[in-house]
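Taking it in order: structure first as structure tokens, then the write-up.
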Number of protein chains: 2
Amino acid sequence: MATIYEVSELAGVSLATVSRVMNDSSKVSPKTREKVEAAMKELGYRPNLIAQSLASNRSNSVGVLVPELHGPFFGAMLSALEDEIRASGRHIIITAGHSDETKERESIEFLSKRRCDALILYVYGVPDDFLVEFSESSVPVVFLNRLIPKKANQCISLDNELGGYMATKSLLELGHRELAYISGPLWKRDSTKRLMGHKRALGEFGLGLNEQLMFEGTYEESSGRRGMKHLLASGVPFSALICGNDEMAAGAMGAARDRGLTIPGDFSVIGFDNVPFTRYLYPELSSIDCPIEEMGRMAARCVLRDAYGREGLEIKNRFEPTLVRRASISSIQ
Amino acid sequence: MATIYEVSELAGVSLATVSRVMNDSSKVSPKTREKVEAAMKELGYRPNLIAQSLASNRSNSVGVLVPELHGPFFGAMLSALEDEIRASGRHIIITAGHSDETKERESIEFLSKRRCDALILYVYGVPDDFLVEFSESSVPVVFLNRLIPKKANQCISLDNELGGYMATKSLLELGHRELAYISGPLWKRDSTKRLMGHKRALGEFGLGLNEQLMFEGTYEESSGRRGMKHLLASGVPFSALICGNDEMAAGAMGAARDRGLTIPGDFSVIGFDNVPFTRYLYPELSSIDCPIEEMGRMAARCVLRDAYGREGLEIKNRFEPTLVRRASISSIQ
DNA sequence: AGATAGAATGTAACCGCTTACATTTTATCT
DNA sequence: AGATAAAATGTAAGCGGTTACATTCTATCT
């Protein structure tokens with residue numbers, strides 16, 4: 001690979017001039033620029049961005065830590081995020097933390113060594129105080145889907161409580177009173193918040209949570225299946241089911257169908273996240289939509305503002321879910 | 001951030017010794033190592049991997065170019081790939097080429113400037129000769145889901161033709177003779193190969209492709225819907241439908257249901273890729289399974305062998321699909 | 001022609017770390 | 001105690017590019 005030294009020799013100019021041609025077009029005469037560019041072309045010169053990063057103390061990379069690379073949720077967010085960062089001439093370095101505290105800490109350490117210009121963290125395992133302390137360093141940090149009060153303007157989050165409230169209220173307004181609930185893992189705060197919203201809506205209708213109609217799942221399809229079986233085995237009747245995410249809803253629907261039950265004939269179902277496959281299910285699944293692409297985009301904008309000094313960007317920190325009604329819910333019979 | 005100079009001063013040793021402690025444990029006495037490690041700890045030293053990369057002429061990063069970051073297919077592959085690379089102490093730099101030649105070329109250029117130790121390319125737009133030439137450079141390249149004859153041992157590919165053959169033959173063996181086919185975009189060679197397998201299976205039963213029962217889609221759900229409508233509008237009867245991927249199959253199923261048709265009652269359906277949501281559909285979709293996680297893992301191993309000199313790795317270059325039978329196909333009535 | 005100011009270009013020291021070769025220390029043998 | 005070899009450590013020159021400050025060139029004015 002040709003280096004800047006070879007380009008400077010061939011063009012008959014100094015290293016600094018070659019560097020200026022590459023980075024700053026204002027202080028180079030057109031004639032000199034032509035000579036340099038011709039030399040670059042002849043040599044097939046490709047700048048070494050590693051050297052550039054070291055010399056300029058800027059890596060032009062953004063570290064992104066997400067829970068998983070697979071699954072229907074994170075891909076869309078990463079895609080939107082990557083597009084925005086890439087459009088600004090930078091790239092992202094992605095790593096997965098698997099929602100595990102130790103792995104998340106390793107990942108953060110890893111990205112830190114990598115001297116990313118900024119970090120976007122979507123983490124569950126590590127506590128707030130660690131994150132607050134970490135974000136006091138000189139590297140800008142953006143927290144995705146997490147609200148840390150002391151760092152509110154570095155957080156891009158969804159009002160999960162409102163989503164749980166909306167899901168529940170929509171069913172209550174359709175006349176349902178016996179509501180079953182399959183939550184995500186309750187150590188994850190988005191699960192807890194969604195459940196809180198559920199309880200708030202129940203409260204508004206003078207109802208309380210029936211523990212027998214409640215099952216804690218893992219956000220995976222199989223736990224939705226297990227939840228359905230658990231709920232049916234309880235013998236307590238319910239006319240609607242709220243699931244903490246769509247994958248569990250799909251599992252629950254499958255388990256119900258295995259028992260000869262129909263949706264929404266026997267009971268209505270509503271999921272959470274509105275991932276693409278909600279449209280493919282039969283009946284099509286109603287769901288609480290999270291604007292995850294928009295949130296990813298917004299995280300990218302935070303980074304452009306904080307690490308790269310971009311001005312005039314409108315940044316929204318708090319997102320609200322919306323209810324997407326499909327065929328899986330109906331009025332109570 | 002503390003540097004190696006500060007550590008060396010505090011520990012009272014040379015830079016080289018600090019570097020040796022970090023990288024090579026064999027030529028440092030235990031006493032000296034302790035001193036250095038204590039100094040590192042006191043200073044909260046984190047090595048700058050950018051400087052390390054420049055000095056060692058090795059970035060410990062692998063560039064990965066995929067068509068998309070979103071969608072059910074690529075996430076699982078990326079996840080498996082990242083796990084394997086990460087386990088070896090390296091990381092991946094991911095970028096999306098959107099199956100567009102220009103964007104793919106930009107991405108390859110970008111990753112090249114980044115001085116990744118190796119590249120894993122999952123590309124559709126750029127031609128073989130460009131890829132062959134590019135792979136002659138000193139940077140090892142692995143091609144995912146693409147078979148380039150001159151570079152066979154750098155390719156990790158799936159026998160798409162066999163997948164198309166298997167999908168079709170399974171239906172023929174169930175007695176179906178009028179088969180409809182919704183292909184992916186035919187400029188993509190995996191679509192073309194799948195169609196070729198379809199034709200081969202038809203041929204074995206003395207049948208030919210009925211152009212009226214053929215629709216070229218885009219691999220997206222909406223094109224599956226359009227394809228279904230097109231096929232039904234043709235008025236030519238068919239007892240089974242083969243789709244070039246699962247998303248189109250889901251769309252086709254939805255469109256059929258909109259017309260009051262049932263699956264497999266009115267016709268059987270089989271998809272391709274066996275993505276997770278195939279299990280959530282009703283009826284559950286039969287599909288041709290691609291071991292994409294295994295392929296991603298294998299690409300990672302190719303890189304470990306070619307770029308990092310790992311020996312003794314068993315590497316498989318050619319993968320075969322398998323048929324996953326579910327409720328969406330049945331014998332002809 | 002000479003003076004002045006701004007534009008353009010060059011020089012040299014880094015950036016944080018690696019590593020080949022040189023030097024010192026240590027352990028062992030006689 | 002002296003010699004020898006291996007282990008341990010140090011020195012110095014990069015790696016490819018950036019940039020502050022110095023120098024040269026160019027354009028304009030008198």
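First the proteins, then the strands, lettered A, B, ... as listed; each starts at 1.
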Worksheet item: Rounded to the nearest Å, what distance is computed from the NZ atom of residue B/Lys27 to the C1' atom of nucleotide D/dG10?
Response: 14 Å
Worksheet, complete the sentence: B/S/- along nucleotides 14-20 of chain D (protein heavy atoms under 4.0 Å) is BBBBSBB
Discussion item. Any carboxylate oxygen within less than 4.0 angstrom of a Lys/Arg side-chain nitrogen, looking at A/Arg297 and A/Glu294?
Written reply: yes
Worksheet item: According to the side-chain hydrogen bond (donor to acceptor under 3.5 Å, both in side chains) rule, which pairs have a member within residues 298-312 of chain A, sequence neighbours left out?
Response: A/Glu84-A/Arg301, A/Asp117-A/Tyr308
Item to complete: Test the A/Arg105-A/Phe130 pair against the cation-pi criterion, namely NZ or CZ under 6.0 angstrom from the six-membered ring centroid and within 45° of the ring axis.
Response: yes
Worksheet item: Hey, do the aromatic rings of B/Phe74 and B/Tyr122 have their centres closer than 6.0 Å?
Response: yes
Worksheet item: Bend angle of the helix from C/dA1-D/dT30 to C/dT30-D/dA1 from five-pair axes at both ends, rounded to 10°?
Response: 40°
Worksheet item: Just how far, in rounded Å, is C1' of C/dG16 from CZ of A/Arg114?
Response: 13 Å
Discussion item. Working note: A/Lys151 + A/Glu136, criterion salt bridge (Lys or Arg N to Asp or Glu O under 4.0 Å); need CA distance, chi angles, decisive distance, verdict.
Written reply: CA-CA 10 Å; A/Lys151 299 284 173 181; A/Glu136 312 269 349; 3.5 Å; yes
Discussion item. Do B/Lys316 and B/Phe319 form a cation-pi contact, if we require the NZ or CZ to be under 6.0 Å from the six-membered ring centre and within 45 degrees of the ring's axis?
Written reply: yes
Discussion item. Which heavy atom of A/Ala96 sits nearest to which heavy atom of A/Ser107, and what is that distance?
Written reply: O-OG, 3.7 Å
Practice prompt. Could you tell me the separation between the CD atom of B/Glu34 and the P atom of D/dA8, rounded to a whole number of Å?
Written response: 14 Å
Discussion item. Would the distance check show the side chain of B/Ser135 and the main-chain N or O of B/Leu131 forming a donor-acceptor pair, the cut-off being under 3.5 Å?
Written reply: yes
